[in-house]
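Order of appearance sets the numbers: ligands from 1, and atoms from 1 within every ligand.
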Amino acid sequence: MFNVDKDSLLPIYYQIEEGLKSLISSGELQPGEVIPSERELCDRYDVSRMTVRQAINNLVNEGYLVRKRGKGTFVGMAKIEQGLKGLTSFTEDMKVRGMNPTSILLDFREIKATPALSTKLNIHENEWLIEMQRIRLADDIPMAYESVYLPKELVPDLTKEIASKSLYDYIEKEKKLSITHADQTLEAAVAKEKEAGILQIKEGAPVLLIERTTYLETGKPLEFVRSFYRGDRYKFKIELVRS
Ligand code: GLP
């Protein structure tokens with residue numbers, strides 16, 4: 001276990017929080033493993049239930065721990081660390097981690113480009129787009145919820161069946177189009193009722209909102225995508241070089 005120093009200036013709940021985090025990062029507590037009960041922690045460190053609860057609540061909110069009603073508190077799954085440099089697909093991202101990527105297609109339809117989408121995709125207003133909404137899962141756990149908009153002209157034969165698999169695979173291998181670059185933004189957001197239901201998280205839970213416009217070699221935008229990634233399952237990593 002870890003030590004708690006009652007003479008320290010650091011609050012006790014914080015020391016417990018950091019102690020539990022260190023057990024998780026050292027692997028002493030494994031993902032899916034139950035942690036000692038609140039009572040055990042109170043007795044071991046001779047602290048109040050409220051102090052222990054505050055530490056645990058913080059760790060639950062940050063995704064380190066998961067509470068299961070009537071069963072106890074468990075170590076959460078380690079967050080997926082995703083690089084921000086390469087232009088990769090969800091399928092590739094999960095496969096390199098040895099996870100099985102799947103999709104649930106929630107919606108697939110043709111729509112006319114709104115003014116906002118026509119600007120994003122550099123096309124005329126009212127041009128036909130294919131809109132698809134997909135839940136992206138890794139080993140059957142929902143990771144992200146994506147709304148994708150593609151100019152129909154580029155993918156006139158896109159079907160629901162294709163949309164349920166890797167889009168980039170289809171574009172590159174079937175359509176023989178070359179995807180070259182993308183503009184992407186990442187911002188903090190909270191899950192509204194719809195996203196929370198889809199991602200199986202609580203309403204108000206943190207999510208990462210990612211918007212990507214992906215371009216083909218020809219310079220034409222291929223897709224505009226708005227995705228919500230689960231804040232408890234993802235962290236993004238980027239290398240910074242000082243010039
Ligand atoms: C990521 C990107 C999307 C892209 C998708 C393609 O999820 N955020 O912009 O459309 O990858 O993934 P796949 O080829 O698995 O369909």
Side-chain angles (χ1 to χ4, degrees), residues 79-111 113 116-117 119-123 129-189 191 195 198-199 201 206-238:
K79 284 190 184 180
I80 288 177
E81 195 172 276
Q82 175 72 50
L84 276 175
K85 272 193 181 161
L87 175 46
T88 52
S89 71
F90 182 82
T91 303
E92 291 162 345
D93 292 342
M94 295 309 118
K95 280 190 176 163
V96 292
R97 294 178 170 82
M99 299 172 103
N100 178 34
T102 48
S103 298
I104 298 174
L105 189 63
L106 296 179
D107 201 3
F108 182 90
R109 65 169 96 183
E110 291 181 16
I111 59 162
L117 287 169
T119 311
K120 300 266 185 210
L121 289 164
N122 196 20
I123 53 172
L129 300 179
I130 293 180
E131 173 185 6
M132 53 200 219
Q133 313 253 351
R134 310 194 283 177
I135 310 177
R136 312 303 308 262
L137 306 98
D139 292 345
D140 297 326
I141 297 171
M143 294 284 163
Y145 165 45
E146 298 182 331
S147 306
V148 187
Y149 303 89
L150 306 123
K152 175 144 200 273
E153 171 201 53
L154 292 175
V155 283
D157 309 322
L158 192 67
T159 60
K160 285 188 180 176
E161 209 208 326
I162 297 165
S164 307
K165 300 192 195 133
S166 169
L167 177 65
Y168 284 11
D169 251 14
Y170 171 70
I171 299 293
E172 292 176 330
K173 295 191 183 138
E174 300 287 322
K175 302 293 294 175
K176 307 261 188 274
L177 295 171
S178 173
I179 300 172
T180 51
H181 63 288
D183 287 327
Q184 181 162 291
T185 58
L186 191 159
E187 54 194 299
E195 293 100 52
I198 288 173
L199 293 173
I201 52 179
V207 287
L208 292 146
L209 167 59
I210 296 186
E211 292 189 346
R212 181 188 286 186
T213 307
T214 310
Y215 297 84
L216 297 173
E217 198 177 26
T218 55
K220 273 194 178 180
L222 163 72
E223 60 167 4
F224 170 70
V225 184
R226 181 176 293 122
S227 339
F228 292 98
Y229 281 78
R230 281 174 61 160
D232 62 340
R233 302 294 296 114
Y234 266 89
K235 63 172 154 186
F236 290 87
K237 184 185 173 187
I238 188 155

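Atom 10 (O) of ligand 1 has as its closest protein heavy atom E223 OE1, 2.7 Å. Of the protein's heavy atoms, R212 NH1, 3.4 Å lies nearest to atom 2 (C) of ligand 1. Distance from atom 14 (O) of ligand 1 to its nearest protein heavy atom, with residue and atom name: S166 OG, 2.6 Å.
Atoms of ligand 1 found under 4.0 Å from any heavy atom of E146, numbered from 1 in the order shown, are 1 (C), 2 (C), 3 (C), 7 (O), 8 (N). The K165 neighbourhood of ligand 1 comprises atoms 16 (O), with distances under 4.0 Å to a heavy atom of that residue. Residue T91 approaches ligand 1 through these ligand atoms, each under 4.0 Å from one of its heavy atoms: 13 (P), 15 (O).
At least one N or O atom of R134 sits closer than 3.5 Å to an N or O atom of ligand 1. In terms of N/O distances under 3.5 Å, ligand 1 is approached by L167.
A heavy-atom distance below 4.5 Å is found between the side chains of L150 and M132.
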Checklist entry - side chain to side chain contact (heavy atoms under 4.5 Å, CB included) between T213 and N122: does it pass, once the steps are laid out? => result CA-CA 10 Å; T213 307; N122 196 20; over 6 Å; no

Next on the checklist: Is there a side chain to side chain contact (heavy atoms under 4.5 Å, CB included) between R136 and T102? Walk through the geometry before answering.
Outcome noted: CA-CA 6 Å; R136 312 303 308 262; T102 48; over 6 Å; no

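The minimum heavy-atom distance linking S166 with T91 is given by the pair CB-OG1, 3.4 Å.
Residue Y168 holds the heavy atom nearest to atom 4 (C) of ligand 1 of all those in Y168, F90, Y229, Y170.
Contact annotation: R136 has at least one heavy atom less than 4.0 Å from an atom of ligand 1.
K79 places a side-chain N or O within 3.5 Å of a backbone atom of G231 that can act as its donor or acceptor partner. Judged by distance alone, the side chain of R134 and the main-chain N or O of K165 form a donor-acceptor pair under 3.5 Å.
Screening T159, L158, D157 for a side chain to side chain contact (heavy atoms under 4.5 Å, CB included) with V155, the sole residue that qualifies is L158.
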